[in-house]
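All values derive from a computational prediction rather than experimental measurement. In what follows, residues are counted from 1 in the order of the sequence shown.
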Amino acid sequence: MTDRRINSNLFYWKMQQKIVHLFLYAKEMEKFKVPDTYVIIFTVILFCAIATWFVPGGQYIESPSGEMTYAATRSIPQTWQVFSALSEGFSQQASIIVFVLIIGGAFWVVNSTRAVDAGIMKFIASTQRMESYGLVGKLGAGNLIIVLTMLLFGAFGAIFGMSEETIAFTAIVIPLAISLGYDSIVGVCMVYVAAHVGFAGAMLNPFTIGIAQNLSDLPLFSGIEYRTLCWIVLMSLAIVFVLWYAHRVKRHPELSPMYETDQRLRLEQASEENMQYGDIQDKKHKRSAIFTCILTVLALLFFCFSYAKDCTITIGTATFHAPWLLWSESALYLLSAILTLRKSTRLFILDMLLFTIFFLITGVMGFGWYIGEISALFMALAIAAGIASGYSADEIAKKFVEGAKDIFSAALVIGFAAGIVIILKDGKILDTLLHAMATSLGETGPAGSLGAMYGIQTLINLFIPSASAKAAITMPIMAPFSDLIGVSRQATVLAFQFGDGFTNMITPCSGVLLAVLSVAHIPYTVWFKWVWKFILTLVLVGFLLLLPTLFFAFPGF
């Protein structure tokens, strides 16, 4: 009995020791901090530079017939280039960096007028009154706003490949999401995630489907029927996920990983609860607003005279010549400017912001606008909003610079991230990695090969988020290869499309993602921890949507 009691006491003592050790280990783990975003990206750059010393070099060469053939070359080991990659990254991403800085400066000027805050408070009051109506009350006004906003941006991503434009819209929607009782993550999901899920499941996206089908010798935008079904499935999944998270955060705000960061904006909005539209009424502001209105309308009329005849809306294979569109928008703006100006300057500024969005959509769809034109549009908005609020030229410039400073960290991250691809390209190992992954596909059956192609595209997208660049490199290789393994070229394009879209929302190499997170003040590490399970779910659902193309004769497949 004594020996048994001694052994028992010894056993309990050892268990206590293990518990103490586990407790101390847990305490140590609590002290562990995820490295800063800059540290993570620079570590990846170092890893890629080390790889250039061991991975054989190679490159794809385009033959006179247009075929891409792989040829082995000498790799170029990278050393001090890990530091020069930053400046080269800035050079390559200069347009989007400038775009981010202008967006940050423009919205700082607009937000300084409190016009957006006033509009949000008015909108919230209206939606709360709507909840007294039967169906809206049951669904919840906030839920309805989330669904409609996500469907809108999901359609934009699917139709004309909205991506960079989401940076500007994110700055608008985040205050709305917080005012509805959600957090900044919900705001990012309403715009950025919705647009990129739509981008991934697109049926008419010229940057993915258009380029990939052209390189695969397929009719442009063929297979639209099954792609539309994919878009519906993916958007439904995204909306349900965001609604679930939004409901959870609204009930328990402290569960949000952005709770403390968003608290500052909540307090600012709470101090504006009693703010009315008519609180800027002095004559100086009124004259400035009238002056701004006249100048803006004259500029719009000149714009219409110069460009209206060339307005052609392109949706898929269909085109619509619409020279009347800009005239209509200009007339509506003139009418709304007069009406809003009669009430308050803030409402007038909000009206300018709304029509800026309308003109942005028209420019993208009707004239092929890109970052340069969109940047110019928001620069004009910043100047007009400042004049309407009675700011002097120096005050407008000062506030613009303050906004650019606030978002400048995004420029540094974008430059760093671009350095990853530069190291791989300059080291001559990027094409080697692509070739190794492509040749390994021949060892599996149709389902395995299709899944492998999808996996390769998904993996490549972590380092090369550009859809057109990936299509140019991979589709000339994978399209002929799919003929040999019994997989339709249309399914191969769909695998490229899914692989290109989902991981855009998590890769640190995406300048758009980093810019959106900077606008939302969401650290990349927080975003990664929050979104990775959702991205993994999308990747798995994407694979399940690929499988039916092997067993059913869908139109175009």
Practice item. Classify the angle between the aromatic ring planes of Phe498 and Tyr454 as parallel (below 30°), tilted (30 to 60°) or perpendicular (above 60°). Key: perpendicular

Practice item. Determine whether Asp183 and Tyr259 make a side-chain contact, defined as any pair of heavy atoms from C-beta on separated by less than 4.5 Å. Key: no

**Study point:** Sub-4.5 Å side-chain heavy-atom contact between Leu176 and Tyr182
**Key:** no

Treating [X] as the side-chain partner and [Y] as the backbone partner, does any N or O pair qualify as donor plus acceptor under 3.5 Å?
X      : Y      : value
Trp527 : Met505 : yes
Gln497 : Ala200 : yes
Arg227 : Gly201 : no
Ser256 : Met258 : yes
Thr149 : Ile146 : no
Ser91  : Ser87  : yes
His196 : Tyr192 : yes
Ser510 : Leu513 : yes
Thr166 : Ser163 : yes

**Study point:** Between CG on residue Asn504 and OG1 on residue Thr458, distance to nearest 0.5 Å
**Key:** 10.5 Å

Check your understanding: OG/Ser236 to CH2/Trp231 distance, rounded to the nearest 0.5 angstrom?
Key -> 8.0 Å

Practice item. With side chain to side chain contact (heavy atoms under 4.5 Å, CB included) as the test, would you mind laying out the steps for Leu255 and Val249 before giving the verdict? Key: CA-CA 6 Å; Leu255 295 178; Val249 166; 5.6 Å; no

Point to revise | Closest non-hydrogen atom pair between Phe358 and Glu329, with its separation | key: O-OE2, 3.9 Å

Review point. Using the benzene-type ring in the case of Trp, are the ring centres of Tyr245 and Phe241 under 6.0 Å apart?
Key: no

